[in-house]
2 protein chains.
Amino acid sequence: MQNTAPHKRANLRDVAAAAEVSVATVSRVLNAPGSVARDTRLRVEDAMARLHWTPSAAARAINSGRSRFVGALVPTLDHDIFARLLAELESRLAEHRLSLVVATTRRRSADEARKAQGLLDIGAEGLLVSGAVRAPEFHALIERTRLPAVATSWYDPGYALPTVGYDNRAAALMALRHLTDLGHRRIAVLHGPLATNDRTALRVTALEESDHDLVFHATGMTIADGRAATRAALAAPVRPTALLCLSDVQATGALQECLHAGIRVPEALSVIGTDDLPGSAHLYPALTTVHLPVGRMGRVAADAIAGWVEAQRRPEAQLLDIALMARDSTAAPPSEA
Amino acid sequence: MQNTAPHKRANLRDVAAAAEVSVATVSRVLNAPGSVARDTRLRVEDAMARLHWTPSAAARAINSGRSRFVGALVPTLDHDIFARLLAELESRLAEHRLSLVVATTRRRSADEARKAQGLLDIGAEGLLVSGAVRAPEFHALIERTRLPAVATSWYDPGYALPTVGYDNRAAALMALRHLTDLGHRRIAVLHGPLATNDRTALRVTALEESDHDLVFHATGMTIADGRAATRAALAAPVRPTALLCLSDVQATGALQECLHAGIRVPEALSVIGTDDLPGSAHLYPALTTVHLPVGRMGRVAADAIAGWVEAQRRPEAQLLDIALMARDSTAAPPSEA
DNA sequence: ATGAAAGCGCTAACAA
DNA sequence: TTGTTAGCGCTTTCAT
């Protein structure tokens, strides 16, 4: 029989008592171990261990005004690109001793503001968002609270939030250039929804502004959508010699459709993607695509937001390099059509 | 010029002052609105809005002893299966007004205990882990702290933690049965690392214990690994007529390899997977596989942990159904070999 | 229905 | 180097 209370979690006072020091000393071995005499410190640490004590994050937060976590607002986790982004964010933030709380917006503008508010309510010190946020309430919130927030997946030094990402226009044009350099003139473009995805919109706009005569096919973001859009593109009166897909997922669908339809790639049709997903190099044929540095983007964004919340350093917009990965799905167009 | 303090975030006291009530009343409109007179409540709510006030999560946590978030410990986010699991967890937990903090273990036993401790330190009320956790320190931690924790991706009513998942042995045997029913006798099995993935180990063991004469090929969890292992399997002195892949990723690699090598599937070789990833139905040929209900698992697990932390209801282990998705990558073996 | 006041577990200014 | 003590923003008795 012990006469201590039944089973309450120990607190700092208990540790102080057990180590026969004051609460301040215990707090010191936590926050400034150097300022505590060696054997005092040892006694305290021993007491902490005996009582299985860990400081209460809530109590520390209330005093320090810091919660040590940031929120990430992504449209979905179903797309490999966001999953990889989060993975890198999480591991890099951990190095800054920051945790990551995840929220998904399902591409709904209403969710953007609501979930951002939710993250704020639970004490997020910063926000990471993917792409431009449409909801005006979101921006009002950020402005009002002065919450550090960085946007990823695109680059725009003029945006309200610091951006860490690549040049989406350049990515689309790089793919286009590759095709035209090979001699393609009849090119169909497969792209995702413009209304809910500004990166896609940027890519499409860049292509529209080029002098080339492109046919655009809007579709969804799944492999099945890519297949369907490919069917549509190939059924056009003037059949394209190349398919420019603004997402590797759609390109994957395009390749599948060609396989099913018996169309030889790249001999009869060239296919190029955008993203360079892990699987893209292993498709049949290996997909030529524009590499978007998602992993590095995650790390850079993590450092940016960490620097901001830790040291009040508002980061500059950062442009990350993209690169053409020429593989086996593109070639010169068939000599005569 | 205002003579209020520069720009401090409002607190409950400020709201009370603005509404000309006591702090207790403000607290009440938050926690028991019914017990406050209608127009007092209106006055308070108005003050809250005017001051843009939201309660501090840390302060509430310190008083209520509740942080309202749970942690998820997953090996990686790079695999579609974990990404989908997290997506479902997050959205379902949100319905319970719980947030999700993500931590990845990179399949390292040392990380399991370290990251779990980290989640605890920041105040997680519960833990969700994927698969069996090897690290003994993890279990010691759970036991000592009595932290609600549920394991997903497998089913074992005898495990230390409540499990929410499917029968991995049955999944492997279901795939095997499909092949043998078709007449296959020479079957090669492609599987991932046994040492770090217990679900894989369960599947492999089940196959080993069957009476069938199977050849096992251990490989990694990428498409490239699947391709390499397929090459190895097909180079065997007695060439298999079917490939049983314990992951759809490996099956995808197998299909790619066959495409590259000019091996016709399913005429010359049957390929079956396990997982039923979103893309699997769109491979060429469409992959026959065993469907694992990852989405539902996420929702069920979220409900389980929520019930536990909210109502101290330790959940029962839950078995989820699996199903064979017979598509185009399997057929009877070639008549003569 | 409302208010006064005592904490929750910790940090940090100030003293010694 | 160590201790005392006043908060941090909120919840929760206990009065009224």
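Each chain gets a letter, A, B and so on, in the order its sequence line appears, and its residues count up from 1.
For A:Thr25, a side-chain nitrogen or oxygen approaches OP1 or OP2 of D:dG3 to under 4.0 Å. Between B:Ser27 and D:dT11 there is a side-chain polar atom (N or O) within less than 4.0 angstrom of OP1 or OP2.
The nearest whole Å value for the distance from the CG atom in B:Leu12 to the C1' atom in D:dC8 is 13 Å. We find that CG of A:Asn31 is positioned 19 Å from P of D:dC8, with the value rounded to whole Å. In this entry the distance linking CG of A:Asp121 with P of D:dG9 reads 16 Å, nearest Å. One can place CZ of B:Arg28 at 11 Å from P of D:dT11, the figure rounded to the nearest angstrom. Rounding to whole angstrom units, CZ of residue A:Arg66 and P of C:dC10 are separated by 18 Å. Rounded to whole Å, the distance from CZ on B:Arg13 to C1' on D:dC8 is 9 Å. Nucleotide D:dC10 holds its C1' atom 13 Å from the CG atom of B:Asp14, rounded to whole Å.
At a non-hydrogen distance threshold of 4.0 Å, B:Val36, B:Ala37, B:Thr40, B:Ile62, B:Asn63 from residues 36-63 of chain B come into contact with DNA chain C.
In this structure, B:Gln117 and B:Asp121 have side chains that are in contact, with non-hydrogen atoms separated by less than 4.5 Å. Within the 4.5 Å cutoff, no side-chain heavy atoms of B:Ser130 are placed close to those of B:Trp154. Side-chain atoms of A:Thr104 and A:Thr76, non-hydrogen and from C-beta on, never get closer than 4.5 Å to each other. Contact of the B:Asp198 side chain with the B:Arg134 side chain is registered, since non-hydrogen atoms from C-beta on lie closer than 4.5 Å.
The listed nucleotides are C:dG3, D:dG9, C:dT11; the one nearest the side chain of B:Ser22 is C:dG3.
Contact check on A:Arg50 versus A:Asp46 returns a salt bridge, with a Lys/Arg side-chain nitrogen under 4.0 Å from an Asp/Glu carboxylate oxygen. Here A:Glu90 pairs with B:Lys115 in a salt bridge; the nearest charged N to carboxylate O distance falls below 4.0 Å.
Residue A:Val23 is classed as a base contact, given a heavy-atom separation below 4.0 Å to a base.
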Review item, side-chain donor-acceptor pairs of residues 61-75 of chain A, under 3.5 Å, at least two apart:
| residue | atom | partner | partner atom | Å |
| --- | --- | --- | --- | --- |
| A:Asn63 | ND2 | A:Ala59 | O | 2.8 |
| A:Ser64 | OG | A:Arg60 | O | 2.7 |
| A:Ser64 | OG | A:Arg66 | N | 3.2 |
| A:Arg66 | NE | A:Glu125 | OE1 | 2.8 |
| A:Arg66 | NE | A:Glu125 | OE2 | 3.3 |
| A:Arg66 | NH1 | A:Glu310 | OE1 | 3.0 |
| A:Arg66 | NH2 | A:Glu125 | OE1 | 3.2 |
| A:Arg66 | NH2 | A:Glu125 | OE2 | 3.3 |
| A:Ser67 | OG | A:Gly123 | O | 2.5 |
| A:Arg68 | NE | A:Arg97 | O | 3.0 |
| A:Arg68 | NH2 | A:His96 | O | 3.1 |
| A:Arg68 | NH2 | A:Arg97 | O | 3.4 |
| A:Arg68 | NH2 | A:Glu310 | OE2 | 2.9 |

